[in-house]
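Report on the structure given below.
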4 protein chains.
Amino acid sequence: MIKVGVLGAKGRVGSAVVAGVQKADDLELVAEIDHGDDLQQLVDAGVEVIVDFTTPTSVMGNLEFCINHGIHCVVGTTGFDDERYQQVRDWCAANEGVGVLIAPNFAISAVLTMAFARQAAPFFESAEVVEFHHPNKLDAPSGTAVKTAQGIAKARKDAGMGEMPDATEQALDGSRGADVDGVPVHAVRMQGMVAHEEVIFGTTDQSLTIRQDSYGRESFVPGVLTGVREVADHPGLTIGLDEYLGL
Amino acid sequence: MIKVGVLGAKGRVGSAVVAGVQKADDLELVAEIDHGDDLQQLVDAGVEVIVDFTTPTSVMGNLEFCINHGIHCVVGTTGFDDERYQQVRDWCAANEGVGVLIAPNFAISAVLTMAFARQAAPFFESAEVVEFHHPNKLDAPSGTAVKTAQGIAKARKDAGMGEMPDATEQALDGSRGADVDGVPVHAVRMQGMVAHEEVIFGTTDQSLTIRQDSYGRESFVPGVLTGVREVADHPGLTIGLDEYLGL
Amino acid sequence: MIKVGVLGAKGRVGSAVVAGVQKADDLELVAEIDHGDDLQQLVDAGVEVIVDFTTPTSVMGNLEFCINHGIHCVVGTTGFDDERYQQVRDWCAANEGVGVLIAPNFAISAVLTMAFARQAAPFFESAEVVEFHHPNKLDAPSGTAVKTAQGIAKARKDAGMGEMPDATEQALDGSRGADVDGVPVHAVRMQGMVAHEEVIFGTTDQSLTIRQDSYGRESFVPGVLTGVREVADHPGLTIGLDEYLGL
Amino acid sequence: MIKVGVLGAKGRVGSAVVAGVQKADDLELVAEIDHGDDLQQLVDAGVEVIVDFTTPTSVMGNLEFCINHGIHCVVGTTGFDDERYQQVRDWCAANEGVGVLIAPNFAISAVLTMAFARQAAPFFESAEVVEFHHPNKLDAPSGTAVKTAQGIAKARKDAGMGEMPDATEQALDGSRGADVDGVPVHAVRMQGMVAHEEVIFGTTDQSLTIRQDSYGRESFVPGVLTGVREVADHPGLTIGLDEYLGL
């Protein structure tokens, strides 16, 4: 049983993490910290791993305290830049054996989709991305879709591939999608849907499609729990879930 | 056994029709006519139904001859306009009981997709079309996708529906597709693919997707054979396969 | 503005209907009735249409009262049999112009999927159903999938079609699905999924797929609201949503 | 320009390879060998890489000749067992720098699907395979689907995972698919389809789907050409395309 503390435990994300830890047979929730609570509780409760979904303002103080007390950290809070990463690395260097995972995206299916897309890209002449979201979304395409396309573009470039075949001469404006580094990206907005992404690759007589569907708002939970289980085996700072997924 | 004659029997489409008729247990191929052959052969062979995949130049002569000889006609040749339709109607009026089917599209899955899309449209706030073709295609989106979108737009208008919900404020150019009468249409060009179309509808907590896939170049054959089997029961001129499909 | 009353307003389904009516611009919620409340409130509030998601015990009393007071009824409560339907018809006969819609399934995408499947069935040699549900479901396949397959089987039979082509000689047990009146039905159980169904049809060089996805527990709401809006135009008893959907 | 020789050049597969090599800008076809031709032609033409799609009877002689003449080999011929592999290894040991690739499956999308399935398996509670083939196929499920399921089962076992969640109590026979090492596999037989496979994974609020579609009979060509381009960089014997795909 790994003893877990959750910081930001009363937030929407944090409370879902709390529920996820409580349901897991191999994890024990021993501390729930929210704004204003004393971090010393973590030490008193014997916490081995903390999960931090707090705010850019509080996260660095939380990390300094935890790393210096030998507590591993799984972090989904946003607002990290190179300077902050370096600071975390310095704290880790002074506390050998402590692992810190900072990831912008804990949705395993999204992380795998992006990784598989990068792996597959060099072997297919054509690649396009179609994403589907509820119609209240403000931006198009989604950040994940743009990132996916950029990963494909980079993998193609690294493999020395040129432009995709496309004989289109006569097109209605917008029909061929947005051009993200040469990869067409299409955004569908659909009442009732949540968040879905399809990456399609094609070559002679075949296609390969990788699709992720998010059906609800707790799709990050399995990725966070994977982080909690594995962080002790990854000392120092790790950025992004990929390494933990064996990618 | 219905006795069938094929006009344009040596063309790519015609020869596929010939093969399809030969394979069908309830149809008998008794005449194959190509450029320069005498139409009298049709009468001599006792043809009951002809299939015409010839040229805009020859089709009207073929139809005049067949209708006047009491032979039903299934026609996939292009180039018809209102004037030609009226001429065919006149010939039919003079030959009661003769059926003529002229259809721009014999691919049953495409015709059903368009019909189902029109039927479903009034019940969903959101509707978009995504089509996928091989990268040698010159136009985007495909004619079928444009027609599908127009059908959806008309059905929405007839039902008094307004614009689709879409909160997008910040979009990469082209990401939201082409606007066909208010319905977004996205065109994917993919090496290895043939011709595919997906119509997606969404409302509260649910979506409905109608998808057609063409895997080869003979997807029109079942529709032509349906026409051959049913044309005697549809005297006069019928435009489009819909009525034959019970739509 | 149609004045609406909801019976069973505090139940899970009823409260979703309440929220749906409140959000609709053309509907006005004027009465919420639950167990023990006096039905006279409906009359006092000028209710034009009631929605009943109560219990088999209370629904007949509710209908008798409403029909006799000239109030149209949209009913999702279960437990109806031929005797009950006849009773409702008798009440309607005595109250000309009152419409009653009783439907076992208000999920529009599911109802359309079943209807489209019946329409498409005669034109494709092959047809199979694949359904996907969360792994807590007790039965396999789902009732909707079985019904869909039965509809396909009946449509094939009515069209004089024989068995589907299938050359399988060597099969692992269960791989070809359950046989529902000759239509193979496959059930997938998948953590994270909600309720999804795919109907696949195939003929020469093409396939047609009709897919419905339920992403949440309120997928019945749009169908109920469609019922509310249309019930006044359908006097007498209507069973099932199909007629309202123009099917 | 890599100089390529094709053995079995007149067979169905070999002639597709011939056409593929001819179309590739970076490959030059300098020898076409068929039954009875003298292998010395390969040396005379300066062949650097041969592709062998011949028969189990001739392949070992071909390989001995080529390896001993310093020619790299890409082999799709069947009939290899441990003894034959060892023989090839011995020939390679005596000819340092010569690369030999022997692969049972050159369809890149199929190979990637199996690899991605193994990678994803440890992170999802549920996993099922659905495959779709034309109805003339004699076995169900397909060999590829069985292999995919076995790979998933092994990855789950290696990760210490138990059975998948499945509350099914009441099931129609066959509805839950074939059990391949604990992974349900469903086989659909559909007129018009070619060869398609879908691997579905699910965990909290999300699913991941990997799908491959074969639209024609030349889906092995890109994999063979990848082999031809890379074989010189992989001295010794390599079994299976995975390593060449960076998997």
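Order of the sequence lines sets the chain letters (A, B, ...), proteins ahead of strands, with each chain counted from 1. Values below: all heavy atoms of this structure, side chains included; hydrogens, waters and symmetry mates excluded.
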Query raised in the report: What distance separates D/Leu7 CG from D/Ile50 CD1, expressed to the nearest 0.5 Å?
Result: 5.0 Å

**Report entry** Non-hydrogen side-chain atoms of A/Val228 and A/Val51 separated by less than 4.5 Å
**Finding:** yes

**Report entry** D/Leu245 versus chain A, the contacting section by heavy-atom distance below 4.5 Å
**Finding:** both

**Report entry** Segment of A/Leu112 engaging chain D (4.5 angstrom heavy-atom cut-off)
**Finding:** side chain

Requested in this report: Name the region of D/Ile210, side chain, backbone, both or neither, that has any atom closer than 4.5 Å to a heavy atom of chain A.
Outcome: both

Report summary line: When the 4.5 angstrom heavy-atom criterion is applied to D/Ala107 and chain A, the contacting part is both

Query raised in the report: Taking C-beta and beyond as the side chain, do A/Val146 and A/Val185 meet within less than 4.5 Å on heavy atoms?
Result: no

Query raised in the report: Rounded to the nearest 0.5 Å, what separation is found between the CE atom of D/Met190 and the CZ atom of D/Phe132?
Result: 8.5 Å

Put together the list of donor-acceptor pairs under 3.5 Å connecting chain A with chain D, please.
from     : atom 1 : to       : atom 2 : distance (Å)
A/Ser109 : N      : D/Gln206 : OE1    : 3.1
A/Ser109 : OG     : D/Gln206 : OE1    : 2.8
A/Asp205 : O      : D/Tyr215 : N      : 2.8
A/Asp205 : OD2    : D/Arg217 : N      : 3.3
A/Asp205 : OD2    : D/Glu218 : N      : 2.8
A/Gln206 : OE1    : D/Ser109 : N      : 3.1
A/Gln206 : OE1    : D/Ser109 : OG     : 2.7
A/Gln206 : NE2    : D/Ser219 : O      : 2.6
A/Ser207 : N      : D/Asp213 : O      : 2.9
A/Ser207 : O      : D/Asp213 : N      : 2.9
A/Ser207 : OG     : D/Tyr215 : OH     : 2.7
A/Thr209 : N      : D/Arg211 : O      : 2.7
A/Thr209 : O      : D/Arg211 : N      : 2.8
A/Arg211 : N      : D/Thr209 : O      : 2.8
A/Arg211 : O      : D/Thr209 : N      : 2.7
A/Asp213 : N      : D/Ser207 : O      : 2.9
A/Asp213 : O      : D/Ser207 : N      : 2.9
A/Tyr215 : N      : D/Asp205 : O      : 2.8
A/Tyr215 : OH     : D/Ser207 : OG     : 2.7
A/Arg217 : N      : D/Asp205 : OD2    : 3.3
A/Glu218 : N      : D/Asp205 : OD2    : 2.9
A/Ser219 : O      : D/Gln206 : NE2    : 2.6

Query raised in the report: Taking only residues two or more places apart in sequence, or in another chain, which ones meet D/Phe201 in a ring pair (Phe, Tyr, Trp, His ring centres under 6.0 Å)?
Result: D/Phe124

Requested in this report: Any chance you could measure A/Phe116, atom CZ, to A/Leu247, atom CG, to the nearest 0.5 Å?
Outcome: 6.0 Å

Report summary line: What one should report as the nearest heavy-atom pair of D/Gly5 and D/Val47 is N-CG1, 3.7 Å

Requested in this report: Give, for atom CZ of A/Phe123 and atom CG of D/Leu225, the distance between the pair rounded to the nearest 0.5 Å.
Outcome: 13.0 Å

